[in-house]
Amino acid sequence: MDRTSRAKSVLVSAALVALAVATCAMPAISFGHTTDWVPDGTFDAAVRRVRASGATIWACSSTSGLFTSPTGSEVWTSSGAGGAAPFTAWDCDASVPATMLAADHRSLYRSTDGGGSWTSCDWATDQDARVLDIMFHPATSGLVYIGTDRGVYKSVDSGVSWTHLTAGAGSVTVTSVAGDPSDSSVVIVASANGPYKSTDGGATFVLCVTGLPEPVVLEVQFVSALSGVVLAGTGQGVYRSRDGGRSWAPASGGPTGTVTDFAEHGTGSLFATSIGGGGVYRSSTGGSSWTRVRAGDALSVCVTGAGDLIAALSDGAMARSTNQGSSWSSIAAPGSAGCTGLSANFGIGDEVYAVIRDRAQRDSALWKRDGATSIWTEVATGHEAGDGPARVACSRRASEEVWVLAGGSHFGTGTLDCRRSVDAASSWRSSGWSRGFCVPHAIATSSNDALVTLAARHGSGMPWINSTLGLSGSDGNGGVAWADVTPRLAGVVLHLNDVEIRGGTTQQLWAAGGTVLDTNGASDTSWAVVRSDDDGVGWTDVSPAGVGSAVLCVSHDGDDGARVLVGTMSNGVQFSGDNGSTWQTRGLTNTTVHDLHVTTAGRCYAATSAGPFYSDDWGQNWSALGAALDGKPVTSIVASGDHVYAGVNGRGVWSIDSP
């Protein structure tokens, strides 16, 4: 592929990235220290484009719809436009800000009350057309253009009726539209063929590529303070025109990658975002020269009524600058991602690790949250997630020790990556614990050991028939030597959902099994809790009697206590005060208990399909912890410092102040 074709492919892909099919909608969200759950970090974000109208920020989410936020409040609310589809564009009439248009995958929506309500627009002559940009012309109220992958559409009545402009640019993919602030008859559009200019209100368009290094242009922008000056975003940075878009010359010091968006500040400064060696750039010279003010690929930038910059980053997160890009801070944003494991490092206070799975790419990465700065940092990448979950565990005593169990695979390929770090995730080494045709299911650590379970299938399409459980002493061998401590009870083998190590005077190993099968692979029963008092040499079945549903998790009260909690699929939380000799049902019987965490103070937290709960009396009484997270199942939970963190199915990591 030659350079021009390669650049064209990059630009068109960037323009259409927002057209992926969405999976869920998001309700109103609050941020900061609160008694309700809030998204924590960057994994819960999926923002494609940001725009501002006065004191309101609008975010087009590529996964969850269109959202609004009052400037500075960091409270996001679903706009109610469309549904859960990915939104690609939004704009409002500068003269009548309450009049707005927004577009999702196929549809165009109109609001005349500032986004309070929306109606669908009958706009496209080609029902397969997709909206990629919306522009209310700055020179005339009610005049609006939309760029689509089938050309340009125009409305003179704020979007009530539409005309397809077919002369010149009628069939090209139009990714951006810009209007001359001083002349309502002048409009320029960006396309894969180059920029087209019209001087007669879109009746005709003329291709203007003189001086451009390649035909493909993704973004165009008039500079309102300089008559005749237009910016073009290409795959090789910013190009500038001084004659209204007829000819172009390269800008100095700008992005080297693909330019994705422009914004103009009230002070006259210009801003551009780019991907592929990009970031956020600023120009104080009308676009003739640029300086990078934020590293890292970015998709979009806008200026709020208060003069703040809001940037949508390529990973879906968002950043804010209150000083024109001199410094930046992360802000939470709407969207979705998958969290498959959470753990807190008990030796360093409020420090949390999370395994985040990219479901589209089928891999997982380990993120670390700094307790002092509340900033998340990716500390390990490239783990193939496959069909298995990914988990992380931290030693309760060895404050720098972190284990991550990521990997697994489709049945038949048999890969596993269980890694260990002794320097707070700065460096990693492979554990050496693996078995063919296995995927990881659970991991636990103590000050001396790591306990890992792997599950295998009886055959393709058959149920899981066993779990191979390995124990490694990190004291002396650093996870190099492993012993097979797989529980085998009365001729049956277990599929283990969760494992725990209780240290103290006598170390105990605990395992909770979701299915017990006989040696022929036939189901024997559907639950099991087992305990070993001799490092896995022998195991005792301590299962609660009468529990006829899968056992999913187990937790305990630290090193020396005899109290244990077990979570089940439909029989609630089971409690034992004597190391599993006797059991009592302790609530949450109408939900699936996915995870339990008991703090050293005896407080219990539960992650369930009905949301998060907590108890101060070992489960005799449970209280809902914050809002129910829009009914999404909570799959993992951990308390650290003054906060509780929850891994939410399909929505990343959320946090709340400890009750």
Side-chain angles (χ1 to χ4, degrees), residues 8 11-12 15-16 18-19 49 88-95 99-110 120-210 212 215-222 228 230-233 241 243-246 248 262:
K8 180 176 180 178
L11 285 163
V12 173
L16 301 179
L19 301 177
R49 188 172 289 272
T88 55
W90 173 93
D91 201 13
C92 71
D93 192 326
S95 301
T99 300
M100 302 175 175
L101 291 172
D104 64 13
H105 185 62
R106 296 286 186 189
S107 302
L108 185 67
Y109 302 93
R110 181 173 181 265
S120 181
C121 297
D122 184 13
W123 65 278
T125 55
D126 183 343
Q127 295 302 312
D128 289 329
R130 301 177 180 181
V131 178
L132 301 178
D133 194 31
I134 301 171
M135 181 209 65
F136 278 89
H137 202 290
T140 302
S141 181
L143 177 59
V144 59
Y145 293 82
I146 57 176
T148 79
D149 60 353
R150 300 292 191 273
V152 186
Y153 286 75
K154 174 184 177 180
S155 172
V156 295
D157 52 14
S158 299
V160 175
S161 59
W162 293 89
T163 301
H164 190 191
L165 306 178
T166 58
S171 60
V172 299
T173 295
V174 174
T175 56
S176 177
V177 187
D180 189 335
S182 62
D183 190 343
S184 61
S185 64
V186 176
V187 63
I188 293 179
V189 302
S191 80
N193 294 341
Y196 288 84
K197 181 179 180 179
S198 174
T199 59
D200 53 13
T204 59
F205 283 90
V206 177
L207 188 62
C208 304
V209 295
T210 302
L212 291 174
V216 187
V217 174
L218 184 61
E219 288 289 325
V220 286
Q221 173 79 40
F222 278 89
V230 190
L231 305 178
S241 173
D243 54 12
R246 290 190 294 272
W248 305 87
F262 291 111

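Nothing fancy with the numbering, it's 1 onward along the sequence.
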Original post:
Do the side chains of T173 and L132 get nearer than 4.5 Å, heavy atoms only?
Top reply: yes
Original post:
Within the side chain of W248, is there an N or O that forms a donor-acceptor pair under 3.5 Å with the backbone of C208?
Top reply: yes
Original post:
For S155, which residues count as a side chain to side chain contact (heavy atoms under 4.5 Å, CB included) partner, sequence neighbours excluded?
Top reply: V144, D157, W162
Original post:
Would you say the side-chain atoms of D180 and S182 include a donor-acceptor pair closer than 3.5 Å?
Top reply: yes
Original post:
Looking only at atom types and distance, does a side-chain atom of D91 sit under 3.5 Å from a main-chain N or O of F136, one as donor and one as acceptor?
Top reply: yes
**OP:** Report yes if some heavy atom in the side chain of D133 is under 4.5 Å from a heavy atom in the side chain of V174; otherwise report no.
**Re:** no
Original post:
Mind checking whether L101 and C121 have side chains closer than 4.5 Å, heavy atoms only?
Top reply: yes
Subject >> Whether K154 side chain and A203 backbone form a donor-acceptor pair below 3.5 Å >> reply: no
Subject >> 4.5 Å side-chain heavy-atom contact, V131 and W123 >> reply: yes
Subject >> For the student: nearest non-hydrogen atoms of V217 and G194, plus distance >> reply: CG2-CA, 4.4 Å
Original post:
Looking at CZ of R246 and OG1 of T210, how far apart are the two atoms once the value is rounded to the nearest 0.5 Å?
Top reply: 10.5 Å
**OP:** Rounded to the nearest 0.5 Å, what's the gap from CZ on R150 to NE2 on H164? Could you check?
**Re:** 9.5 Å
Subject >> Under the side-chain hydrogen bond (donor to acceptor under 3.5 Å, both in side chains) test, residues paired with Y145 that sit two or more places apart >> reply: none
Subject >> Test item: R110 and V160 side chains (from C-beta on) under 4.5 Å apart, heavy atoms >> reply: yes
**OP:** Provide the closest heavy-atom pair for A139 versus P181 in the form atom of the first, atom of the second, distance.
**Re:** CB-O, 3.6 Å
**OP:** Decide yes or no for V177 and V187: does some side-chain heavy atom of the first lie under 4.5 Å from some side-chain heavy atom of the second?
**Re:** yes
Subject >> Derivation and outcome, side-chain hydrogen bond (donor to acceptor under 3.5 Å, both in side chains), residues D183 and S185 >> reply: CA-CA 5 Å; D183 190 343; S185 64; 2.6 Å; yes
**OP:** Taking the side chain as every heavy atom from C-beta outward, state whether S198 and V206 have any pair of such atoms under 4.5 Å apart.
**Re:** no
Subject >> Rounded distance (nearest 0.5 Å) linking atom CG of L218 with atom CZ of F262 >> reply: 9.0 Å
Original post:
For residues D93 and S141, is any side-chain donor paired with an opposing acceptor at under 3.5 Å?
Top reply: yes
Original post:
Looking only at heavy atoms, which two atoms of S176 and V220 are closest? And how far apart?
Top reply: OG-N, 3.2 Å
Subject >> Side-chain donor/acceptor of T148 to backbone N/O of G151, under 3.5 Å >> reply: yes
Original post:
Counting N and O atoms only, with roles assigned by atom type, does the side chain of D149 sit under 3.5 Å from a partner on the main chain of R130, one being a donor and the other an acceptor?
Top reply: yes
Original post:
Should K197 and I188 count as side-chain neighbours, where that means a heavy-atom distance under 4.5 Å?
Top reply: yes
Original post:
To the nearest 0.5 Å, what is the distance between OG (S241) and CG (L212)?
Top reply: 9.0 Å
